[in-house]
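A quick write-up on the structure given underneath.
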Amino acid sequence: LRFLVELALGDLAPDQRDRVQQDWQTDLRVVEVDPGLLRLALRNLLANAQRHGGPGVQVVLRIAEQAAPPALLLQVEDDGPGMPPERIAAVAEAGLDTAAAQMGGGLGLVVTRQVAQRHGGRLELRNRQPHGLRASLVLPLPG
């Protein structure tokens, strides 16, 4: 798991990588996932936080476990402006914000959502208070 996280972080530009704080809240070392797909999904979330959070955005990558039901949580939190609620709903319901996709954005979240679903999990997007966004990949673990 640590190696996979390091690969995803290595995909970022050095100045972006420097703005990501890792918060490990699990001792989990091995997970049964498609490593290429999970790396892609995590890279998409990290890149989105950097791109949409603004030039001074700070990002936290939290790796944790959920007890019930057992799940791996990969959470990317930023202190940027957040996301309009209607866009969160569009990604949750249809998986694609058509207007954003036409402007070259939004596809990364669609891919990330599909990766989560392929692993039996889900992508959750929530605005943080007072500002920022939390994107969570919730992937079931054997229980």
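When atom types are taken as modelled, the side chain of N127 and the backbone of P85 share no donor-acceptor pair closer than 3.5 angstrom. In this structure, the side chain of H131 does not engage the main chain of P81 through any donor-acceptor pair within 3.5 Å. Panel note: side chain H119, backbone D34; a donor-acceptor pair is recorded below 3.5 Å.
Residues V59 and D79 form no side-chain contact, since every pair of their non-hydrogen atoms from C-beta on lies 4.5 Å or further apart. Side-chain contact between L45 and L123 is present, with heavy atoms from C-beta onward closer than 4.5 Å. Between L73 and E65, every side-chain heavy-atom pair lies at or beyond the 4.5 Å cut-off. Under the 4.5 Å side-chain criterion, counting only non-hydrogen atoms from C-beta, R87 is in contact with L109. A 4.5 Å side-chain heavy-atom check between I88 and R126 finds every atom pair outside the cut-off. For the pair L61/Q21, no side-chain contact is recorded, criterion being any heavy-atom separation below 4.5 Å from C-beta on. With contacts defined as side-chain heavy-atom distances shorter than 4.5 Å, the pair L74/I63 qualifies.
Hydrophobic clustering of Ile, Leu, Val, Met, Phe, Trp and Tyr side chains at less than 4.5 Å, counting indirect connections, keeps V76 apart from L7.
The minimum heavy-atom distance linking V31 with L1 is given by the pair CG2-CD1, 4.1 Å. When all heavy atoms of V57 and G80 are compared, the pair lying nearest together is CG2-N, 3.9 Å. Across V115 and A41, no two heavy atoms sit closer than the pair CG1-CB, 3.8 Å. In terms of heavy-atom proximity, R39 sits nearest to L4 at CB-CD1, 3.8 Å.
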Output side-chain donor-acceptor pairs under 3.5 Å for residues 133-143, partner residues at least two apart or in another chain, one line each.
from, atom 1, to, atom 2, distance (Å)
R134, NE, E77, OE2, 2.5
R134, NH2, E77, OE2, 2.7
S136, OG, Q75, NE2, 3.3

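V60 belongs to no hydrophobic cluster, as no Ile, Leu, Val, Met, Phe, Trp or Tyr side chain comes under 4.5 Å of its own. The hydrophobic cluster analysis finds V30 isolated: no Ile, Leu, Val, Met, Phe, Trp or Tyr side chain comes under 4.5 Å of it, directly or through other members.
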Please test Q58 against D78 for side chain to side chain contact (heavy atoms under 4.5 Å, CB included), starting from the C-alpha separation and ending with a verdict. CA-CA 6 Å; Q58 294 297 309; D78 66 61; over 6 Å; no
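Residues satisfying the side chain to side chain donor-acceptor pair (under 3.5 Å) criterion with Q25, sequence neighbours excluded, are D23. Take R122 and apply the salt bridge (Lys or Arg N to Asp or Glu O under 4.0 Å) test, not counting sequence neighbours, and it matches E124. Scanning for side-chain contact (heavy atoms from CB on, under 4.5 Å) contacts around R118 gives L37, with sequence neighbours left out. Looking at residues two or more places apart in sequence or on another chain, you find no salt bridge (Lys or Arg N to Asp or Glu O under 4.0 Å) involving E6. Scored by the side-chain contact (heavy atoms from CB on, under 4.5 Å) test, A13 finds D15, Q16 as partners (sequence neighbours excluded).
In this structure, CG on L125 lies 5.5 Å from CE on M83, to the nearest 0.5 angstrom.
Sequence neighbours left out, the pairs with a member in residues 41-50 that pass side chain to side chain donor-acceptor pair (under 3.5 Å) are D11-R43, R19-Q50, N44-T112, N48-R51.
Under a cut-off of 6.0 angstrom, the local environment of CZ in R62 is crowded, with over 12 non-hydrogen atoms contributed by other residues, nucleotides or ligands.
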